[in-house]
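Note that the numbering runs from 1 along the sequence shown for the chain. Bear in mind the structure is a predicted one, so any value in this text is a computation, not a measurement.
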Amino acid sequence: LMLLAAYVGYLGLGAAVLQALERPAEVQAAQHLLREHWELLANHTCLQGPALQRLIEGIIQAYKSGITLQGNTTSLGRWDYSGSFFFSISAITTIGYGNLSPSTAVGRIFCIMFALFGIPLNLVLLNEIGHLMLLGVQHCARRLEEVFHWQNKASFLMKTCALVTGLLLFLLLPPLLFSDKEGWSYEEGFYYSFITLSTIGFGDYVIGMNPDRTYPSWYKNVISLWILFGMAWLALVIKFCINILE
């Protein structure tokens, strides 16, 4: 519990610092984009090629930073606290989607230091969670052996149950949530689930980044917990596969 509290506290600290460092630059970029938008409309009744090109380039660059035009306002959100927290966990878990990165020099330096100490902390916590999962499976297997006097059957049954339960909780059911909140197909949600939990993190699919959708406040927090426990479970499965291969 102390380790988990330290882990969550570390992520919370990182999210707060990243928000403080990156949010002003995000707001400044949004204001600059909005100012250019109105200047272009006021000065060019008929858009010319170079002016339109500059606007397009500005929109593309802003979109990469998580800023989009929505009517008379701009949409922010990637560097609010929940977005910063999600970036923090994607950094120290080494998922690294690549869709979001610090744009300020101080933010980049902090990101290096944050990951330097955060990655070992993450590995220690994942090992502890995986160890507790194994202890739970072993304890249930011993209880089955005592009650039903099974020997090898109890261990095999509990390992199978743990595998099926993990498949449901971490790979098969989450795509249904992603389909509802992100508008992805089931296949896309399943693909995102595995790519995320295996820490591959291509970044072609990332949750909570569609400016046309409204996400509940709990969404990214729940996904962060799903990533944490799902990575621990998948690491056990991968370790089992490694043992089979060896």
| Partners passing side-chain contact (heavy atoms from CB on, under 4.5 Å) against Val137 (at least two apart in sequence or in another chain) | Met158, Lys159, Ala162

| Looking at residues at least two apart in the chain, or sitting in another chain, which of them share a side-chain contact (heavy atoms from CB on, under 4.5 Å) with Ile244? | Phe240

Look at the side-chain heavy atoms of Ile, Leu, Val, Met, Phe, Trp and Tyr, link any pair under 4.5 Å apart, and say whether [X] and [Y] land in one connected group.
X	Y	value
Leu236	Leu132	no
Met113	Val106	yes
Leu135	Leu125	no
Ile109	Ile92	no
Leu225	Val124	yes

| task | Give the other cluster members for Ile112, using side-chain heavy-atom distances under 4.5 Å between Ile, Leu, Val, Met, Phe, Trp and Tyr residues; answer none if it is isolated. | result | none

| Hydrophobic cluster partners of Leu123 (side-chain heavy atoms under 4.5 Å) | Ile119

| task | Would you check, one step at a time, whether the test ring-ring contact (aromatic ring centres under 6.0 Å, His included) holds for Phe114 with Tyr10? | result | CA-CA 9 Å; Phe114 180 72; Tyr10 190 80; 4.6 Å; yes

Report the distance from atom [atom1] of [X] to atom [atom2] of [Y], rounding to the nearest 0.5 Å.
X	Y	atom1	atom2	answer
Asn99	Asp204	CG	CG	10.0 Å
Ile129	Met231	CD1	CE	9.5 Å
Leu11	Ser224	CG	OG	7.5 Å
Ile200	Thr94	CD1	OG1	10.5 Å
Ile223	Ser193	CD1	OG	8.0 Å
Lys239	Glu246	NZ	CD	10.0 Å

| task | Among residues two or more places apart or on two chains, list those pairs meeting ring pair (Phe, Tyr, Trp, His ring centres under 6.0 Å) that have a residue in residues 118-145. | result | none

| field | Whether over 12 other heavy atoms sit under 6.0 Å from Leu1 CG | value |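 Counting other residues, nucleotides and ligands, CG of Leu1 stays at 12 neighbours or fewer.
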
Enumerate donor-acceptor pairs with a distance under 3.5 Å from any side-chain N or O in residues 163-181 to protein atoms, sequence neighbours excluded.
residue, atom, partner, partner atom, Å
Thr165, OG1, Cys161, O, 2.7
Ser179, OG, Pro175, O, 2.8
Ser179, OG, Trp184, O, 3.0

Test ring-ring contact (aromatic ring centres under 6.0 Å, His included) applied to [X] - qualifying residues, sequence neighbours left out:
X	value
Tyr191	Tyr205
Tyr7	none
Tyr215	Tyr219

Residue pair [X] / [Y]: nearest heavy atoms and the distance that separates them:
X	Y	value
Ser185	Glu188	N-OE1, 2.8 Å
Ile227	Phe86	CD1-CE1, 3.9 Å
Leu126	Leu228	CD2-O, 3.3 Å
Gly130	Ala232	N-CB, 4.2 Å
Thr160	Phe156	OG1-O, 2.8 Å
Cys111	Phe87	SG-CZ, 3.9 Å

| query | Ignoring hydrogens and geometry, is there a side-chain-to-backbone donor-acceptor pair from Arg213 to Glu182 under 3.5 Å? | reply |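 Indeed, once roles are kept as given, a pair shorter than 3.5 Å links the two residues.
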
State which residues pass side chain to side chain donor-acceptor pair (under 3.5 Å) with [X]; sequence neighbours excluded, sorted by chain then number.
X	result
Gln19	none
Arg35	His32
Tyr81	none

| query | Which is it for Ser84 and Glu22 under the side chain to side chain donor-acceptor pair (under 3.5 Å) test, yes or no, and what are the steps along the way? | reply | CA-CA 9 Å; Ser84 300; Glu22 296 295 328; over 6 Å; no

| request: Report yes if some heavy atom in the side chain of Leu3 is under 4.5 Å from a heavy atom in the side chain of Leu121; otherwise report no. | output: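 SC-SC contact between Leu3 and Leu121 confirmed.
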
| said: Is there a side-chain contact between Leu21 and Trp79 in this structure, where contact means two heavy atoms from C-beta onward sitting under 4.5 Å apart? | reply: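 Side chain of Leu21 against side chain of Trp79, heavy atoms only: no contact under 4.5 Å found.
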
| request: Take Trp233 and Met133, measure what side-chain contact (heavy atoms from CB on, under 4.5 Å) needs, and give me the verdict at the end. | output: CA-CA 8 Å; Trp233 171 81; Met133 288 180 176; 4.3 Å; yes

| message | Could you walk me through whether Leu234 and Thr199 satisfy the side-chain contact (heavy atoms from CB on, under 4.5 Å) test, starting with their C-alpha distance in whole Å, then the side-chain angles of each, then the deciding distance to 0.1 Å, before giving a yes or no? | response | CA-CA 10 Å; Leu234 189 59; Thr199 73; over 6 Å; no

